[in-house]
A.B. asks: 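First the structure, then my questions, so here it is.
Atoms within each ligand, like the ligands themselves, are counted from 1 in listed order.
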Amino acid sequence: MFKDQILKDKTILITGGGTGLGKSMATRFSELGANVCISSRKLEVLEQTAEEINGKTGNAIIPLQHDVRDYKNLDALLSQIEERFGALHMLVNNAAANFISPTEYLSYKAFDTIVDIVLKGTYYTTLAVGKKWIESKTKGTVLNIVTTYASTGSGYVVPSAVAKAGVLNLTRSLAAEWGKYGIRLNAIAPGPFPTKGAWERLMPDPSFEEKMIQRIPLKRVGKHEELANLAAYLLSDFSAYITGEVVTIDGGEWLAGAGEFNFLEQLRPEDWLALKSKMKR
Ligand code: HXC
Ligand code: NAP
């Protein structure tokens with residue numbers, strides 16, 4: 001889909017870049033020529049991912065240990081990136097935590113854990129990077145990975161839903177405020193994309209995935225390369241006039257859940273025939 005090297009000479013930081021969708025984006029950005037930095041809590045996982053991606057693309061990929069809840073360590077993290085590559089141009093806030101639970105079973109600490117990683121982690125990183133960009137007059141790009149329920153809300157993942165809603169609002173608010181500096185912020189709202197991290201926590205029973213697929217108009221889960229290509233587009237100059245936008249990539253899942261009459265999909269042709277005589281033309 002893209003010309004090779006569209007991200008050449010761009011340095012990108014992906015939080016939570018050692019696993020799942022973060023790793024898939026890191027791989028794609030590296031294939032497209034970027035200098036990629038991946039951060040998270042588990043250095044060993046990051047090192048293994050970096051080695052794997054470098055083996056595929058031959059481009060530099062740097063593993064950096066960092067907990068997104070730690071604002072104080074951000075200066076050190078950003079200095080390491082500057083020392084290695086000169087400047088940071090793009091940030092992907094991808095690190096997240098989540099679990100399913102009836103909300104009344106949760107302790108306030110469980111709630112805090114998710115909100116601290118997802119919402120605070122995102123605004124800490126965005127604030128530290130944004131200050132540097134404004135000072136150095138860098139026209140940087142931020143991409144926030146949210147969820148479709150950031151807009152709709154969802155039961156049973158309430159801490160994640162409120163935190164992702166905050167991230168979506170941050171995306172829109174800062175797009176309005178920082179546009180004057182040439183800084184763009186956009187978001188991707190993915191539907192289900194199989195990853196070990198999400199599936200172990202959110203799909204403990206295999207029937208959950210099947211039920212989810214049946215609800216999706218396109219009748220399948222997402223492919224990682226589909227999301228990674230969208231992310232590359234939203235970071236690159238090809239989307240230079242798009243800011244404050246959220247792009248949903250969910251096979252139609254949330255709209256199917258929202259439309260009042262979409263349940264009629266269950267009717268067979270013979271059911272429609274039987275109904276015909278009962279309906280006013
Ligand atoms: C209820 C839970 C819980 C669970 C932990 N807690 N797991 N409560 N149900 N399943 C509570 C603990 O009892 C504790 O509260 C508090 O949360 C903190 O737990 P810790 O284990 O100390 O936290 P920590 O080691 O920081 O680990 C955070 C984590 C873990 C969220 C619990 O799962 C994690 O590191 N996740 C990162 C990766 C991840 O979640 N990926 C999925 C992203 S998918 P008390 O009161 O006991 O101290 C996604 C979108 C999905 O976001 C959409 C799919 C379609
Ligand atoms: P994942 O593999 O579990 O990714 C989460 C990443 O976040 C991990 O690499 C984890 O690494 C990192 N992380 C967690 N807590 C952190 C912290 N305190 N500091 C730094 N890093 C931390 O799950 P995923 O499915 O790929 O999720 C990636 C993104 O997509 C998330 O934003 C998620 O909400 C979003 N999303 C996913 C789906 C889906 O279907 N998969 C759907 C909608 C949205 P460490 O454990 O090493 O810290």
A.B. asks: Record the part of Val118 in heavy-atom contact with ligand 1 below 4.0 Å; permitted values are side chain, backbone, both and neither.
C.D. replies: neither
A.B. asks: Please report the shortest heavy-atom distance between Thr49 and Ile38, naming the atom on each side.
C.D. replies: CG2-CD1, 3.9 Å
A.B. asks: Could you tell me whether atom 54 (C) of ligand 1 has at least one protein heavy atom nearer than 4.0 Å?
C.D. replies: yes
A.B. asks: Answer yes if a protein heavy atom lies under 4.0 Å from atom 44 (S) of ligand 1, otherwise answer no.
C.D. replies: yes
A.B. asks: Thr125 and Tyr71: side-chain donor and acceptor closer than 3.5 Å?
C.D. replies: no
A.B. asks: Give the residue and atom name of whichever protein heavy atom lies nearest to atom 5 (C) of ligand 2, and the separation in Å to one decimal.
C.D. replies: Ala96 O, 3.7 Å
A.B. asks: Tell me whether Lys180 at atom NZ has more than 12 heavy atoms from other residues, nucleotides or ligands lying less than 6.0 Å away.
C.D. replies: yes
A.B. asks: Do you know the tightest heavy-atom contact between Gly17 and Asn94?
C.D. replies: N-ND2, 4.5 Å
A.B. asks: Can you establish whether the number of heavy atoms outside Lys196 located under 6.0 Å from its atom NZ is more than 12?
C.D. replies: no
A.B. asks: Should the proximity of Ile114 to ligand 1, defined as any heavy atom under 4.0 Å, be assigned to the side chain, the backbone, both, or neither?
C.D. replies: side chain
A.B. asks: Can you tell me the protein heavy atom closest to atom 32 (C) of ligand 1 and the distance?
C.D. replies: Phe99 CE2, 4.0 Å
A.B. asks: Any non-hydrogen protein atom below 4.0 Å of atom 18 (C) of ligand 1?
C.D. replies: yes
A.B. asks: Please check if atom CH2 in Trp178 has more than 12 non-hydrogen atoms from other residues, nucleotides or ligands closer than 6.0 Å.
C.D. replies: yes
A.B. asks: When you look for heavy atoms under 4.0 Å from ligand 2, do you find them on the side chain of Ile117, its backbone, both, or neither?
C.D. replies: side chain
A.B. asks: Between ligand 2 and Asp116, can you find any atom pair, the residue atom being a heavy atom, that is separated by under 4.0 Å?
C.D. replies: no
A.B. asks: What I want to find out is whether Arg69 reaches Asp67 closely enough, with some N-O distance under 4.0 Å, to be called a salt bridge.
C.D. replies: yes
A.B. asks: Does ligand 2 have an atom under 4.0 Å from some heavy atom of Gly17?
C.D. replies: no
A.B. asks: What do you reckon, does Lys23 put a non-hydrogen atom under 4.0 Å from ligand 2?
C.D. replies: no
A.B. asks: Can you tell me the protein heavy atom closest to atom 37 (C) of ligand 1 and the distance?
C.D. replies: Ala96 O, 3.5 Å
A.B. asks: May I ask whether Tyr123 and Leu77 are part of the same hydrophobic cluster, defined by side-chain heavy atoms of I, L, V, M, F, W, Y residues being less than 4.5 angstrom apart, directly or through others?
C.D. replies: yes
A.B. asks: Please work out which of Val167, Thr195, Thr125 has its closest non-hydrogen atom nearest to atom 25 (O) of ligand 2.
C.D. replies: Thr195
A.B. asks: Ignoring hydrogens, just give me the one of Leu21, Ile145, Asn94 whose non-hydrogen atom is nearest atom 31 (C) of ligand 2.
C.D. replies: Asn94
A.B. asks: Would you say Leu143 ends up clustered with Met90 if hydrophobic residues are merged whenever their side chains have heavy atoms under 4.5 Å apart, either directly or through other cluster members?
C.D. replies: yes
A.B. asks: Would Glu82 and Lys132 pass as an ion pair if we require N to O under 4.0 Å?
C.D. replies: yes
A.B. asks: Can you tell me which portion of Ala97 lies within the under-4.0 Å heavy-atom range of ligand 2? Options are side chain, backbone, both, or neither.
C.D. replies: neither
A.B. asks: Decide, yes or no, whether a salt bridge links Lys109 with Asp112 under the criterion of side-chain N to carboxylate O below 4.0 Å.
C.D. replies: no
A.B. asks: Check this for me, if you would: do Glu44 and Lys42 make a salt bridge, where the nitrogen-to-carboxylate-oxygen distance has to be below 4.0 angstrom?
C.D. replies: no
A.B. asks: If hydrogens are left out, which of Ala97, Ala189, Ala198, Ala95 has an atom nearest to atom 31 (C) of ligand 1, that is, the closest non-hydrogen atom?
C.D. replies: Ala97
A.B. asks: In the protein, what heavy atom is nearest to atom 34 (O) of ligand 2, and what distance, to one decimal place, separates them?
C.D. replies: Lys164 NZ, 2.9 Å
A.B. asks: Measuring from non-hydrogen atoms of Thr15 to any atom of ligand 2, is the shortest distance under 4.0 Å?
C.D. replies: no
A.B. asks: Could you check whether atom 8 (N) of ligand 1 has a protein contact, counting only heavy atoms that fall below 4.0 angstrom?
C.D. replies: yes
A.B. asks: Nearest protein heavy-atom contact for atom 3 (O) of ligand 2: which residue, which atom, what distance?
C.D. replies: Gly197 CA, 3.3 Å
A.B. asks: Tell me whether Glu260 at atom CD has more than 12 heavy atoms from other residues, nucleotides or ligands lying less than 6.0 Å away.
C.D. replies: no
A.B. asks: Return the closest protein heavy atom for atom 28 (C) of ligand 1 as residue, atom name and distance.
C.D. replies: Thr113 CG2, 3.7 Å
A.B. asks: Any nitrogen or oxygen of Arg201, main chain or side chain, under 3.5 Å from a nitrogen or oxygen of ligand 1?
C.D. replies: yes
A.B. asks: Specify the protein heavy atom at minimum distance from atom 48 (O) of ligand 2: its residue, its atom name, and the distance to 0.1 Å.
C.D. replies: Arg41 NE, 2.7 Å
A.B. asks: Any protein heavy atom lying closer than 4.0 Å to atom 27 (O) of ligand 2?
C.D. replies: no
A.B. asks: Check the pair Arg220 / Glu209 against salt bridge (Lys or Arg N to Asp or Glu O under 4.0 Å), numbers first and verdict last.
C.D. replies: CA-CA 10 Å; Arg220 67 170 175 88; Glu209 183 177 350; over 6 Å; no
A.B. asks: Under a 4.0 Å N-O cut-off, is there an ion pair linking Glu253 with Arg215?
C.D. replies: yes
A.B. asks: Between Asn229 and Arg28, is there a side-chain donor-acceptor contact under 3.5 Å, judged purely by atom types and distance?
C.D. replies: yes
A.B. asks: Pairing donors with acceptors under 3.5 angstrom, does anything connect the side chains of Thr11 and Arg84?
C.D. replies: no
A.B. asks: Would you mind running through ligand 1 and noting each atom that sits below 4.0 Å from a heavy atom of Arg69?
C.D. replies: 26 (O)
A.B. asks: As a check for students: among Tyr149, Trp199, Phe193, identify the option with a heavy atom nearest to atom 41 (N) of ligand 2.
C.D. replies: Phe193
A.B. asks: Contact between Lys196 and ligand 2, counting heavy atoms under 4.0 Å?
C.D. replies: no
A.B. asks: In terms of residue, atom name and distance, what is the protein heavy atom nearest to atom 48 (O) of ligand 1?
C.D. replies: Lys109 CD, 3.5 Å
A.B. asks: Kindly check if the number of other-residue, nucleotide or ligand heavy atoms within 6.0 Å of CD (Glu270) is above 12?
C.D. replies: yes
A.B. asks: Looking at atom 1 (P) of ligand 2, what's its closest protein heavy atom, distance included?
C.D. replies: Thr19 OG1, 3.6 Å
A.B. asks: Among protein heavy atoms, which lies nearest atom 11 (C) of ligand 1, and at what distance?
C.D. replies: Ala110 CB, 3.6 Å
A.B. asks: Which ligand 1 atoms are under 4.0 Å away from a heavy-atom of Arg41?
C.D. replies: 26 (O), 34 (C), 35 (O), 37 (C)
A.B. asks: Identify, for atom 12 (C) of ligand 2, the protein heavy atom at the shortest distance, and state residue, atom and that distance.
C.D. replies: Gly16 CA, 3.7 Å
A.B. asks: Can Ile81 be reached from Val68 by stepping across I, L, V, M, F, W or Y side chains whose heavy atoms are under 4.5 Å apart?
C.D. replies: no
A.B. asks: Decide whether Thr126 and Asn93 meet the rule of one side-chain donor and one side-chain acceptor closer than 3.5 Å.
C.D. replies: yes
A.B. asks: Keeping the roles fixed (side chain from Gln48, backbone from Val45), state whether a donor-acceptor pair exists under 3.5 Å.
C.D. replies: no
A.B. asks: Considering all protein heavy atoms, does one lie under 4.0 Å from atom 35 (O) of ligand 1?
C.D. replies: yes
A.B. asks: Hey, is Asp67 one of the residues with a heavy atom under 4.0 angstrom from ligand 2?
C.D. replies: yes
A.B. asks: Under 4.0 Å from any heavy atom of Ser107, which atoms of ligand 1 are there?
C.D. replies: 15 (O), 45 (P), 46 (O)
A.B. asks: So which bit of Leu106 gets within less than 4.0 Å of ligand 1, heavy atoms only: side chain, backbone, both or neither?
C.D. replies: side chain
A.B. asks: For ligand 2, indicate whether the residue Val118 contacts it via side chain, backbone, both or neither (heavy-atom separation under 4.0 Å).
C.D. replies: neither
A.B. asks: Within the protein, is there a heavy atom lying under 4.0 Å from atom 14 (C) of ligand 1?
C.D. replies: no
A.B. asks: Nearest protein heavy-atom contact for atom 42 (C) of ligand 2: which residue, which atom, what distance?
C.D. replies: Gly191 O, 3.4 Å
A.B. asks: Can you confirm whether Gln214 is buried at CD, in the sense that more than 12 heavy atoms of other residues, nucleotides or ligands lie under 6.0 Å from that atom?
C.D. replies: yes
A.B. asks: Name the option, out of Leu202, Asn98, Thr19, that contains the heavy atom nearest to atom 52 (O) of ligand 1.
C.D. replies: Asn98
